[in-house]
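Working notes for the structure below.
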Amino acid sequence: MGLFEILCGTAVLFLAFYYFFTSSFDFWKSRGVRGPKPIPGFGNFKDVLLVKISAGEYVKKVYNDYKDESLIGIFARTKPILIVKDLNLIKDVLIKDFSTFADRGVHTFEKAEPLSQHLFSLESKRWRPLRMRLSPVFTSGKIKEMLSLISECADHMVEYMEKIVGKDEPVECCELTAKYTTDVIGSCAFGINMNALSNEDSEFRKMGRKVFHPDWMHFLRIRFREFYPQLYNMLGCILPQMETHTFFTRVITETINYRETNNIIRNDFVDMLRELKKNPDKLGDINLTDSLLASQAFVFFLAGFETSSTTMSHALYELALNQKIQDKLREEIDMVYTKYGKDLILDNIKEMKYLDKVFKETLRKYSPGTLLQRESTSSYTFRGTNVSIPKNQKIFIPVYAIHQDPSIYPEPDVYDPERFTDEAVQKRHSMAFLPFGDGPRNCIGARFAIYQSKIGLIKILRNYKVETCEQTLIPYVSNPKAFVFSPKGGKIQLKMTKIIRA
């Protein structure tokens, strides 16, 4: 073969690859949707894929660059994605036209990752009946029953803190609160003593770290999964099982079997799974496998401890920076304790209005989930526009960008709980605050997350003053590698001083 033939072959190969990586790039232009120019091979996600910036931060940048657009078109490599900015259109997607956007468009991998078949990822056919059957675990009545268990875990956290504070060293809040929420999930949902606070070698805490702070091998596996989902699942038979999946499958199976053998009834999350296993017909024609059951427990554990613990850590961080807000909140906590005594019940916590404002402002400024994702189940035309999308079109709802929008929240970098007075909330659009999503597919455990976080904060602030120190990350920098919005380096270090009461 001559040089000319080699050059021609190379050119043809290059053009073929170029066409493959750019053939979809007129998708949004043909629909009259503006957006940043994509790059062959990367789309608009080059810096995200190279872990220079998180997806939420990138979408926020695009959101701000196209201020006057209600819809923005971007590309993840060759895949077109629509960012929905307009709050009325977001309400259509999440609530009014939910039936068209019931799917998240997240892959499940029954072979490669059996525990990926959970409520967050499942397609609507399996999601609907499972959601309906699992929802009773998270009612107000159930939360009331759990409060004493949550409070007990919070007391253990305070006891644990005394040992740390006694060393006169900064307290690493992310790890502290993660241990607390791990123990709460174990006690309330699974009836298992996870010993995250009392045992530095707790297996459950280790597994939590592995999921949310993966090593490079796990990270490469995630990228392979994102780029080639079909091939990834096909290779499930030869890929080694993830340690976390093997661990949780064993734990849930053993817990269910132990309760069955010993006739133990706790009316918690595990018992709800037991009930489904005994009566699979309640889920219609869904194939109820052990993996499907274990997946629900797996995602509840992971989502329940990490999002709440990072929110608590961020709240403590801001309270350390804003001593007047901390003092005002502690004053409210002390007042409720004086009025009702040390036993926290639901109504007492609800009476802490300023705590609720602090909690919501923390979720606004540090949204654990920066994006909501949906996928159309049929073709759809957005109300008041000429923009039509086909079936299986991925949608991003930019939660973090909305929460940081100065036209909605003036001076968004300022931490101000007064943004959440009743009057201020009523003036804003109902879609301007979406930490738990909205509509039928909102976070099933939102109520549980709120109360475990609030009780943990109450107990800490009742007993300790929180301040910044030399090791505190100032200014705050987010971690582009993290799945949940969290600080660079994964640590929030603060000084804590024991409050001595007469």
Side-chain angles (χ1 to χ4, degrees), residues 114-115 117-119 129-157 159 178-199 201-208 243-283 286-305 308 343-346 444-445 447-449 451-452 455-456:
L115 297 193
Q117 307 169 75
H118 46 67
L119 277 177
L130 271 172
R131 169 85 183 213
M132 185 173 66
R133 294 298 173 186
L134 295 175
S135 290
V137 178
F138 303 100
T139 61
S140 293
K142 285 292 185 182
I143 299 298
K144 282 184 179 181
E145 294 175 11
M146 295 176 186
L147 280 187
S148 61
L149 294 174
I150 298 174
S151 189
E152 186 179 334
C153 290
D155 288 335
H156 290 160
M157 175 177 61
E159 292 171 9
K179 287 180 176 180
Y180 159 68
T181 53
T182 296
D183 281 352
V184 171
I185 298 291
S187 179
C188 296
F190 305 126
I192 299 173
N193 186 357
M194 295 187 175
N195 297 315
L197 282 165
S198 59
N199 180 8
D201 297 319
S202 166
E203 285 188 280
F204 288 93
R205 184 67 199 108
K206 284 181 180 178
M207 293 301 153
E243 185 181 359
T244 50
H245 285 219
T246 304
F247 173 79
F248 277 98
T249 301
R250 175 177 60 81
V251 168
I252 296 304
T253 303
E254 288 178 357
T255 302
I256 289 176
N257 291 339
Y258 179 80
R259 291 191 187 185
E260 290 289 345
T261 303
N262 295 278
N263 196 29
I264 296 172
I265 298 175
R266 287 175 55 94
N267 296 315
D268 57 8
F269 195 83
V270 170
D271 278 355
M272 188 65 71
L273 297 180
R274 288 170 63 193
E275 182 66 20
L276 288 176
K277 189 174 183 178
K278 290 178 183 177
N279 301 282
D281 55 299
K282 290 183 178 181
L283 296 177
I286 293 176
N287 182 23
L288 190 63
T289 63
D290 287 344
S291 293
L292 186 63
L293 283 176
S295 294
Q296 313 320 313
F298 177 65
V299 75
F300 179 53
F301 169 75
L302 295 180
F305 93 79
S308 294
D343 293 328
L344 290 173
I345 62 172
L346 205 62
I444 189 174
R447 191 181 283 111
F448 180 88
Y451 284 102
Q452 76 163 341
I455 289 174

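Scope of the values below: all heavy atoms of this structure, side chains included, with no hydrogens, waters or symmetry mates. We count residues from 1, following the sequence as given. Keep in mind the model is a prediction, meaning the values are calculated, not measured.
In summary, the aromatic rings of Phe138 and Phe300 are positioned with their centroids under 6.0 Å apart.
Remark: side-chain polar atoms of Thr261 are paired, donor with acceptor, to backbone N or O of Asn257 under 3.5 angstrom. Judged by distance alone, the side chain of Tyr180 and the main-chain N or O of Gln452 form a donor-acceptor pair under 3.5 Å. Distance alone, capped at 3.5 Å, is enough to place a donor-acceptor pair between the Gln296 side chain and the Leu119 backbone. Between the side chain of Thr253 and the backbone N or O of Thr249, at least one donor-acceptor pair lies under 3.5 Å. Distance alone, capped at 3.5 Å, is enough to place a donor-acceptor pair between the Thr181 side chain and the Ala178 backbone.
When every heavy atom of Leu115 is checked against every heavy atom of Ser291, the shortest pair comes out as CD2-O, 3.8 Å. Scanning both residues, Pro136 and Lys142, for their nearest heavy atoms gives O-CG, 3.2 Å. Minimum heavy-atom separation, His118 to Ser295: CB-O, 3.3 Å. The two residues Leu346 and Ser140 come nearest to each other via the heavy atoms CD2-O, 4.3 Å. Considering every non-hydrogen atom in both Leu197 and Cys153, the closest pair reads CD1-O, 3.9 Å. Of all heavy-atom pairs between Ala297 and Ile252, the closest is CB-CD1, 3.5 Å.
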Query - Derivation of the side-chain contact (heavy atoms from CB on, under 4.5 Å) call for His156 and Glu159 - result: CA-CA 5 Å; His156 290 160; Glu159 292 171 9; 4.0 Å; yes

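For the atom pair CD of Gln117 and CZ of Phe298, the computed distance is 12.0 Å after rounding to the nearest 0.5 Å.
The side-chain heavy atoms of Glu260 and Lys278, taken from C-beta on, include a pair separated by under 4.5 Å. Inter-residue side-chain proximity for Leu134 and Leu273 is flagged as met; some heavy-atom pair is nearer than 4.5 Å. Within the 4.5 Å cutoff, the side chain of Val137 has no heavy atoms near those of the Phe448 side chain. Residues Ile455 and Val184 form no side-chain contact, since every pair of their non-hydrogen atoms from C-beta on lies 4.5 Å or further apart. Within the 4.5 Å cutoff, the side chain of Leu130 has heavy atoms near those of the Leu292 side chain.
Of the residues Phe248, Phe247, Phe269, the one that meets the ring-ring contact (aromatic ring centres under 6.0 Å, His included) test with Phe301 is Phe248. The residue from Arg133, Arg266, Arg259 that alone fulfils the salt bridge (Lys or Arg N to Asp or Glu O under 4.0 Å) condition with Asp271 is Arg259.
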